[in-house]
Amino acid sequence: MLLLTLTQSVRMTTPNRTTLPAPMFSRNNFSVWGILKKCIGLELSKITMPIVFNEPLSFLQRITEYMEHTYLINKACLLSDSIERMQAVAAFAVSAVASQWDRTGKPFNPLLGETYELTREDQGYRLISEQVSHHPPVSAFHAESLVGDFVFHGSIYPKLKFWGKSVEAEPKGTITLELLKHGEVYTWTNPFCCVHNVILGKLWIEQYGTVEILNHSTGDKCVLNFKPCGMFGKELHRVEGYIQDKSKNKLCVIYGKWTECMWSVDPQTYESNKKAEKKADSKKQKSPEEPEGVDGDDADNMPEVLETVAVIPGSTLLWRISSRPQHSAQMYNFTNFAMSLNELEPGMQATLAPTDCRLRPDIRAMENGDMDQASREKARLEEKQRSARKDRSKDEEEWSTRWFQSGTNPYTSSQDWLYKGGYFDRKYSDLPDIY
């Protein structure tokens with residue numbers, strides 16, 4: 001078993017801070033309509049947004065939030081049954097998007113060549129990510145167990161579109177999890193994410209779409225349906241799916257909410273419970289009432305969440321979301337994990353690569369509550385990036401990624417960005433000056 005040395009890693013045994021240096025800046029006096037009204041149906045990666053609509057994290061750091069519930073991967077590594085491992089992996093895939101609940105701020109677009117690293121000895125992993133392309137924006141990441149149990153990697157291209165009232169994020173890119181001790185490989189893509197009421201009304205988020213998790217070693221598959229909220233909001237945040245073997249025999253049902261918890265139950269019990277629910281509903285069904293709310297031309301009201309997940313008897317809990325800090329609403333709705341990601345601990349700067357997100361002056365200024373300085377630094381960095389691109393074009397020079405290379409995912413045969421290795425050797429002398 002390969003043991004990874006930590007002598008030169010940026011260590012973080014547990015997150016130190018539980019709050020940000022300054023609270024979130026109010027967005028009440030700002031409107032994005034003047035910017036977005038010409039962009040309906042278009043891709044938004046090249047649109048510059050006012051900094052007040054950002055949150056003080058880079059998209060590379062937002063990707064790192066996939067790792068908040070790494071204990072589920074560690075659990076999968078310890079399980080002897082392949083179906084139980086798939087359940088743990090499915091719970092991890094759902095938990096990886098749970099941090100987006102109520103996170104309506106836009107992360108900073110990473111600069112080309114920007115990186116982020118994190119080592120968590122308490123959860124047994126280290127991670128490195130790099131912005132490998134600017135147009136289109138592609139972020140690659142690679143996380144590995146400190147004791148050789150797993151490798152988790154992927155490349156994400158968040159394609160954003162504006163639809164008049166909402167912004168939709170299409171999560172292009174494959175995610176791969178390798179459980180090395182079991183010789184198993186799982187791949188999937190994330191669901192769609194939509195932020196409603198970007199022009200008028202209270203911002204709210206929903207996830208929807210089908211996520212298929214394939215075990216390439218056994219042929220088992222987990223199909224998860226992230227349900228759109230629907231007209232009356234009955235399906236808001238709900239996730240339902242099942243695990244089947246390579247012969248398409250349904251082995252168990254998975255259900256819950258991506259904002260709350262996920263459960264597993266055998267298919268027969270699930271179907272019996274569904275039939276009983278339908279029978280009960282038909283007895284008490286009344287004529288439909290007109291829904292209350294504002295005019296449809298104004299805002300998409302977020303449906304009121306009136307119930308938690310109704311647990312079917314005999315179900316097994318797979319995952320439950322961690323509670324957020326009491327002051328989370330004043331801190332961009334960050335989780336405790338997110339709160340720690342941009343922390344620059346004493347002595348850390350001497351070890352970090354000079355391209356690390358923690359050293360970005362615009363994000364640092366925003367985190368400290370200096371919005372004017374953050375806006376000036378953001379404009380300066382973007383102009384510096386444009387100037388560097390023009391210089392490369394003039395010299396007919398191609399951008400060269402440092403830690404990842406374009407290649408083919410060996411399990412899906414799709415285009416991917418694969419880690420070349422060497423980051424934790426700490427040889428950073430020839431890295432570009434991007435800040």
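A quick note: this is a predicted structure, and the numbers were derived from the prediction, not measured. Positions are given from 1, in the same order as the sequence printed here.
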May I ask you to check whether [X] and [Y] show a side-chain donor-acceptor distance below 3.5 Å?
X	Y	answer
His196	Glu206	yes
Ser414	Asn409	no
Thr115	Thr355	yes
Gln415	Ser406	yes
Gln131	Ser139	yes

Side-chain contact, heavy-atom cut-off 4.5 Å: [X] with [Y]?
X	Y	result
Glu184	Met86	no
Tyr125	Ile73	no
Met339	Leu20	yes
Ile243	Ile213	no
Tyr411	Thr174	no
Asn109	Lys378	no
Leu127	Tyr66	no
Val253	Glu240	no

Measure from the ring center of [X] to the ring center of [Y] and say whether it is less than 6.0 Å.
X	Y	answer
Tyr186	Phe92	no
Phe226	Tyr208	no
Phe141	Phe152	yes
Tyr423	Tyr428	yes

Going from [atom1] on [X] to [atom2] on [Y], what distance comes out if it is rounded to the nearest 0.5 angstrom?
X	Y	atom1	atom2	value
Leu381	Ile434	CG	CD1	8.5 Å
Gln100	Asp102	CD	CG	11.5 Å
Phe192	Lys159	CZ	NZ	10.0 Å
Trp188	Lys221	CH2	NZ	15.0 Å
Glu260	Ile321	CD	CD1	8.5 Å
Thr189	Glu170	OG1	CD	9.5 Å

Quiz item: cation-pi between Arg360 and Phe108, 6.0 Å / 45°: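 Verdict for Phe108: no cation-pi partner in Arg360.
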Full working for side chain to side chain contact (heavy atoms under 4.5 Å, CB included) between Cys261 and Leu317: CA-CA 8 Å; Cys261 57; Leu317 179 65; 4.2 Å; yes
Is [X] reaching over with its side chain to a backbone N or O of [Y], donor-acceptor style, under 3.5 angstrom?
X	Y	value
Asn54	Lys106	yes
Arg62	Leu57	no
Asp356	Arg358	yes
His182	Leu79	yes
Arg324	Ser99	yes

Carboxylate-amine/guanidinium proximity below 4.0 Å for [X] and [Y]:
X	Y	result
Lys427	Asp425	no
Arg426	Glu117	yes
Glu130	Lys420	no
Glu383	Arg380	no

Candidate pair Ser58 and Glu114, rule side-chain hydrogen bond (donor to acceptor under 3.5 Å, both in side chains), full reasoning: CA-CA 9 Å; Ser58 166; Glu114 185 173 311; 2.8 Å; yes
Over all heavy atoms of both residues, which pair between [X] and [Y] is shortest? Give the atoms and the distance, please.
X	Y	value
Gly219	Leu214	O-CD1, 4.2 Å
Thr19	Met331	OG1-CE, 3.2 Å
Cys229	Leu236	CB-CD1, 3.6 Å
Thr401	Val132	CG2-O, 3.6 Å
Phe334	Pro56	CZ-CD, 4.0 Å
Val89	Ala76	CG2-CB, 4.4 Å

Identify each donor-acceptor pair in which a side-chain atom of residues 365-375 lies under 3.5 Å from a protein atom, sequence neighbours left out, and give them as a table.
{"from": "Glu367", "atom 1": "OE1", "to": "Arg17", "atom 2": "NH1", "distance (Å)": "3.3"}
{"from": "Glu367", "atom 1": "OE1", "to": "Arg364", "atom 2": "NH1", "distance (Å)": "2.7"}
{"from": "Glu367", "atom 1": "OE2", "to": "Arg17", "atom 2": "NH2", "distance (Å)": "2.7"}
{"from": "Glu367", "atom 1": "OE2", "to": "Asn342", "atom 2": "ND2", "distance (Å)": "3.2"}
{"from": "Asn368", "atom 1": "ND2", "to": "Arg364", "atom 2": "O", "distance (Å)": "3.2"}
{"from": "Asp370", "atom 1": "OD1", "to": "Gln373", "atom 2": "N", "distance (Å)": "3.1"}
{"from": "Gln373", "atom 1": "OE1", "to": "Arg376", "atom 2": "NH2", "distance (Å)": "2.8"}
{"from": "Gln373", "atom 1": "NE2", "to": "Glu377", "atom 2": "OE2", "distance (Å)": "3.3"}

Contacts of Tyr71 that satisfy side chain to side chain donor-acceptor pair (under 3.5 Å) - sequence neighbours left out: none
Parallel, tilted or perpendicular: ring planes of His153 versus His142, cut at 30 and 60 degrees: parallel
Audit row: Leu344, Leu352, side chain to side chain contact (heavy atoms under 4.5 Å, CB included) steps and yes/no: CA-CA 10 Å; Leu344 193 59; Leu352 285 172; 3.7 Å; yes
Arg126 and Glu144: CA distance, side-chain angles, deciding distance, salt bridge (charged side-chain N to carboxylate O under 4.0 Å, His left out) verdict: CA-CA 6 Å; Arg126 66 184 185 185; Glu144 55 193 16; 2.9 Å; yes
Intermediate values then yes/no, side chain to side chain contact (heavy atoms under 4.5 Å, CB included), Ser95 and Leu72: CA-CA 9 Å; Ser95 76; Leu72 291 166; 3.8 Å; yes
Ser322/His69 under side chain to side chain contact (heavy atoms under 4.5 Å, CB included): CA gap, chis, key distance, verdict: CA-CA 9 Å; Ser322 303; His69 301 281; 3.8 Å; yes
